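Only a predicted model underlies this, so the values are computations on that prediction, with no experimental measurement involved. Order of the sequence lines sets the chain letters (A, B, ...), proteins ahead of strands, with each chain counted from 1.
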Protein chains: 2
Amino acid sequence: MEHRTMSEAAAAHIHEMIITGELEPGQPIRLIDLAQRLGTSPMPIREGLRKLESLGIVEIIAHRGAWVRELDLDDFRDTTATRLTLETIAVRQAAQRFDDVAAAASRTALDQLVAAVEAGDAVGARAAHTEFHFAIYGACGSRWLPRAIEPVWRNSERYRFGTHFTAEHLERTRREHERILQACIAHDEETAASAFTEHLTTAAERIESGMLARQGRRPSGASAP
Amino acid sequence: MEHRTMSEAAAAHIHEMIITGELEPGQPIRLIDLAQRLGTSPMPIREGLRKLESLGIVEIIAHRGAWVRELDLDDFRDTTATRLTLETIAVRQAAQRFDDVAAAASRTALDQLVAAVEAGDAVGARAAHTEFHFAIYGACGSRWLPRAIEPVWRNSERYRFGTHFTAEHLERTRREHERILQACIAHDEETAASAFTEHLTTAAERIESGMLARQGRRPSGASAP
DNA sequence: GTCAAATATAGTTGATCAAATCTGGTTGGC
DNA sequence: GCCAACCAGATTTGATCAACTATATTTGAC
């Protein structure tokens with residue numbers, strides 16, 4: 001069994017629909033429509049939306065409804081800058097106290113990421129990518145720092161998905177991940193931090209140029225599926 | 001009307017009950033009991049608990065129930081260290097770009113805090129204290145950084161409430177707040193950061209020594225489910 | 001003493017009712 | 001005759017109640 005309750009399944013399903021663009025930014029989410037599409041009553045949908053609201057993906061206004069939060073360049077830059085601040089700190093702290101358990105967990109996730117990418121499994125790749133980074137952040141010694149990172153990370157994922165990755169990009173990303181992991185295992189704080197900074201910065205530049213290109217082609221519009 | 005929906009009212013009410021200790025750490029929260037006590041059906045209680053879960057105050061296990069998260073010294077130190085990291089960054093950034101709107105908002109909140117303290121209004125003082133700090137963080141230029149801070153802050157509040165403040169402590173705290181605000185208005189990043197660090201550090205030391213004293217008196221500690 | 005089946009308890013979901021919001025048309029004032 | 005405010009219908013969310021399902025406990029047999 002994948003999810004323990006309908007609410008969890010609904011949250012995961014809606015999250016997926018938002019990331020893939022099946023539910024578009026700015027679009028109102030109608031409870032009854034969605035309930036019928038997922039084959040449940042409106043109640044689990046409500047619960048799922050509440051979860052997504054707490055992650056900052058969905059906006060709920062009382063007696064009015066729920067909307068998929070809009071994406072724009074300013075928000076992306078804010079998201080990236082905040083991630084750079086918080087996650088660099090987490091990586092540094094993790095490198096200092098990286099142990100075998102953390103090494104095994106991040107190694108497994110990284111292997112799964114590579115496998116999913118090769119299999120063309122976008123959903124699995126996204127899950128493994130999150131798993132890898134949070135396996136590292138989880139070793140930072142704080143329970144609260146990874147928790148603080150999560151909403152920003154989830155928002156960042158929305159931008160990441162819309163971007164096209166060439167084989168070259170994927171290979172470069174794989175090497176960057178490997179370098180971060182090796183630096184953590186070696187307790188090399190400085191290398192881990194700089195490798196992470198470079199990883200996030202280059203990825204952000206790639207995504208931003210993709211956004212600018214799309215913006216140039218379609219001056220007015222929102223994002224596409 | 002204070003709250004727009006029963007769920008919001010329930011979340012606020014339960015939050016208050018947890019902070020004041022009416023619901024004790026480790027204690028299971030029975031939906032039906034609470035629903036009867038607040039005069040609603042279980043559903044709004046559930047929604048409220050979900051909100052508190054996303055803040056890390058309550059732990060929910062599917063088909064099992066909800067518990068008030070336990071407090072201990074390790075968690076307090078983690079909370080404090082994380083706050084010190086994140087909020088110092090926010091204060092620095094806020095000081096760089098502090099404008100009249102932010103100044104007015106934090107000034108108002110600070111005056112309300114002083115008034116609430118003098119009136120012996122603990123609930124109002126807590127609200128105003130949060131308002132003051134987040135008025136500053138809100139000026140940091142990022143929408144995501146304050147959002148990342150919120151759960152850690154909410155957890156910190158739980159420890160803060162249990163502590164006794166002497167008139168001397170309150171007066172010192174008032175001066176510290178004033179100093180932070182003035183440094184932000186003056187765009188003096190360094191002074192703002194060091195004033196904030198001192199503010200949080202001394203408060204944390206006070207709370208920690210209070211915890212140690214209580215621990216000494218009651219060696220066995222908290223309750224179990 | 002251990003394991004399995006039955007029972008009790010509490011959480012979760014579905015169906016229905018009530019409350020709030022938005023839309024379009026109409027009426028009254030200027 | 002034009003503009004603004006208001007009222008009624010339709011739509012959608014929010015809350016309640018009842019039925020279902022998963023979990024924990026107890027009891028009885030081996």
Q. Separation of A/M43 atom CE from C/dA15 atom P, in whole Å?
A. 11 Å
Q) Does one side chain, of A/Q93 or A/S142, offer a donor that lies under 3.5 Å from an acceptor on the other? A) no
Q: Take the angle between the ring planes of A/H133 and A/H177 and call it parallel below 30°, perpendicular above 60°, tilted in between.
A: perpendicular
Q) Rounded to the nearest 0.5 Å, how far does CG of A/L71 lie from CG of A/N155? A) 7.0 Å
Q) Under 4.0 Å: is that the gap between some side-chain N or O of B/S7 and OP1 or OP2 of D/dG14? A) no
(Q) Just N and O in the side chain of B/R4: are any of them under 4.0 Å from OP1 or OP2 of D/dA15? (A) no
Q) Quick one: is A/R30 getting a side-chain N or O under 4.0 Å of the D/dT13 phosphate, OP1 or OP2? A) yes
Q | Nucleotide nearest B/H63 (side chain, heavy atoms from C-beta), chosen from C/dT21, C/dT12, D/dG14 | A | C/dT12
**Q.** Whole-Å gap separating C1' (C/dA19) and CE (B/M6)
**A.** 12 Å
Q.
Base, sugar-phosphate or nothing for B/L49? Non-hydrogen atoms, less than 4.0 Å.
A. nothing
(Q) Would B/E16 and B/R126 count as a salt bridge (charged side-chain N to carboxylate O under 4.0 Å, His left out) here? Give the steps. (A) CA-CA 11 Å; B/E16 204 59 42; B/R126 187 165 57 80; 2.4 Å; yes
Q) Nearest to the side chain of B/R64 - D/dT16, C/dT21, D/dT23? A) D/dT23
Q: Figure out the CD/C1' separation between A/Q36 and C/dG14, and round it to whole Å.
A: 14 Å
Q: To the nearest Å, give me how far apart CD1 (B/I60) and P (C/dA10) are.
A: 17 Å
Q) Taking CD from A/E53 and P from D/dT13, how many angstroms apart are they, rounded to a whole number? A) 14 Å
Q: Looking only at side-chain atoms of B/P44, point me to the closest of D/dA15, D/dA24, C/dG14.
A: D/dA15
**Q.** Rounded distance (Å) that lies between atom P of D/dT11 and atom CD1 of A/I29
**A.** 21 Å
Q. Which nucleotide in the set D/dA15, C/dT12, D/dT13 lies at the smallest distance from any side-chain heavy atom of A/I32?
A. D/dT13
Q.
So A/I45, base contact, sugar-phosphate only, or nothing? Heavy-atom distance under 4.0 Å.
A. nothing
Q: Give me the ring orientation class for B/W153 and B/Y137: parallel if the planes are under 30° apart, tilted from 30 to 60°, perpendicular past 60°.
A: perpendicular
**Q.** Residue A/L31, side-chain atoms from C-beta onward, closest of D/dA15, C/dC22, D/dT13
**A.** D/dT13
Q. Quick one: on DNA chain C, does A/T40 or A/A62 contact a more 5' nucleotide (nearest heavy atom)?
A. A/T40
Q: Provide, to the nearest angstrom, the distance between the CZ atom belonging to A/R50 and the P atom belonging to C/dT12.
A: 16 Å
Q: Grab the CD1-P distance between B/I61 and C/dA10 for me, whole Å please.
A: 16 Å
